[in-house]
Amino acid sequence: MTDDSHFSEYVAHVFIRFDSLAGVLVTDKEYPPRVAHTLLRKVLCEFEEQVPRTEWSRANSRDIRFSALPVYLFEYQNPSKADGIVKMQKDLEDTKIIMHDTIDAVLRRGTSLDILVAQADELSDHSKLFYMAVTSPLLFKSSNHILFQAKKTNSCCNWS
């Protein structure tokens with residue numbers, strides 16, 4: 001049986017096995033309940049292996065030596081290090097934040113690119129108009145130098 005009792009700032013996680021061996025873990029509200037219950041299960045299983053069943057009911061808690069408990073408590077101080085799923089969830093959240101930032105930057109950059117493309121199109125249109133004006137037989141008929149310069153300047157443009 002498992003239970004989580006919530007108090008003002010803390011949560012008491014309780015795990016009672018079929019053989020009446022029980023464990024209680026008090027954590028802050030941010031500690032993941034799944035990790036707390038995993039810790040309780042592991043501690044109770046190891047307790048059963050290290051401490052004979054005959055000592056459970058008649059011994060005082062000070063009389064029982066259970067050296068694995070401090071190791072587990074130290075290991076589970078940071079739930080993301082102790083539990084692979086929590087670590088994956090944290091990594092996934094970090095990745096989602098990075099992806100959102102990247103998408104926002106691309107969208108902003110896309111807007112800037114649209115403006116640059118519009119400006120380039122406008123510049124190309126003005127260049128075409130200038131070329132047409134210079135090459136027109138009615139205007140600048142005798143200005144070979146201006147015609148040569150316009151052709152040279154606009155040699156990259158295609159007027160198809």
Side-chain angles (χ1 to χ4, degrees), residues 1-131 152-160:
M1 179 181 131
T2 61
D3 185 29
D4 293 334
S5 298
H6 297 268
F7 300 99
S8 62
E9 295 178 28
Y10 301 101
V11 178
H13 305 276
V14 180
F15 186 78
I16 303 170
R17 293 184 357 168
F18 67 93
D19 56 2
S20 298
L21 185 59
V24 177
L25 179 66
V26 179
T27 65
D28 60 9
K29 286 186 174 186
E30 286 81 34
Y31 201 87
R34 197 184 66 68
V35 178
H37 288 282
T38 300
L39 172 59
L40 285 170
R41 277 189 210 98
K42 284 184 176 183
V43 167
L44 292 178
C45 285
E46 191 153 338
F47 181 83
E48 180 184 29
E49 291 173 5
Q50 288 185 10
V51 179
R53 217 178 261 261
T54 55
E55 292 184 30
W56 294 0
S57 59
R58 53 179 198 174
N60 188 327
S61 62
R62 294 177 202 177
D63 298 336
I64 297 176
R65 299 285 174 230
F66 181 52
S67 59
L69 184 61
V71 175
Y72 277 117
L73 292 177
F74 179 77
E75 182 182 334
Y76 278 78
Q77 287 292 316
N78 184 347
S80 64
K81 286 184 180 178
D83 187 63
I85 293 175
V86 172
K87 185 177 191 292
M88 275 196 300
Q89 286 174 333
K90 184 180 181 306
D91 291 346
L92 183 62
E93 287 299 319
D94 292 345
T95 303
K96 282 172 39 179
I97 290 169
I98 291 168
M99 290 300 294
H100 283 280
D101 292 345
T102 303
I103 289 170
D104 287 344
V106 166
L107 291 174
R108 275 182 271 147
R109 198 175 310 130
T111 303
S112 299
L113 288 175
D114 290 342
I115 292 170
L116 288 174
V117 167
Q119 289 174 344
D121 288 344
E122 185 179 336
L123 183 60
S124 178
D125 291 343
H126 286 291
S127 178
K128 287 176 187 176
L129 287 174
F130 175 74
Y131 179 77
K152 183 177 159 186
T153 303
N154 294 301
S155 63
C156 65
C157 300
N158 185 6
W159 313 134
S160 307

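Side-chain contact between C45 and R17 is present, with heavy atoms from C-beta onward closer than 4.5 Å. Here the side chains of V43 and F66 are in contact, with some heavy-atom distance below 4.5 Å. Side chains of L92 and M88 form no contact here, defined as non-hydrogen atoms less than 4.5 Å apart.
Here the shortest heavy-atom pairing between D28 and V11 reads O-CG2, 4.4 Å.
Rounded to the nearest 0.5 Å, atoms CG (L69) and CZ (F47) are 9.5 Å apart. Taking CG of L21 as the start and CD1 of I16 as the end, the distance is 10.0 Å to the nearest 0.5 Å. Rounding to the nearest 0.5 Å gives a distance of 4.0 Å between CZ of R34 and CD1 of I85. Note that NE2 of H37 and CG of L44 are 11.5 Å apart. Values are rounded to the nearest 0.5 Å. A distance of 11.0 Å separates OG1 of T95 from NE2 of H100, quoted to the nearest 0.5 Å. For the atom pair OH of Y31 and CG of L25, the computed distance is 6.5 Å after rounding to the nearest 0.5 Å.
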Residues K90, E93; criterion salt bridge (Lys or Arg N to Asp or Glu O under 4.0 Å); working and verdict: CA-CA 5 Å; K90 184 180 181 306; E93 287 299 319; over 6 Å; no
Stepwise, does the side-chain contact (heavy atoms from CB on, under 4.5 Å) test hold for Y10 with K29? CA-CA 5 Å; Y10 301 101; K29 286 186 174 186; over 6 Å; no
Chi angles and distances behind the side-chain contact (heavy atoms from CB on, under 4.5 Å) call for L39, H13: CA-CA 10 Å; L39 172 59; H13 305 276; over 6 Å; no
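Between the side chains of Q50 and E46, a donor-acceptor pair is found at a separation under 3.5 Å.
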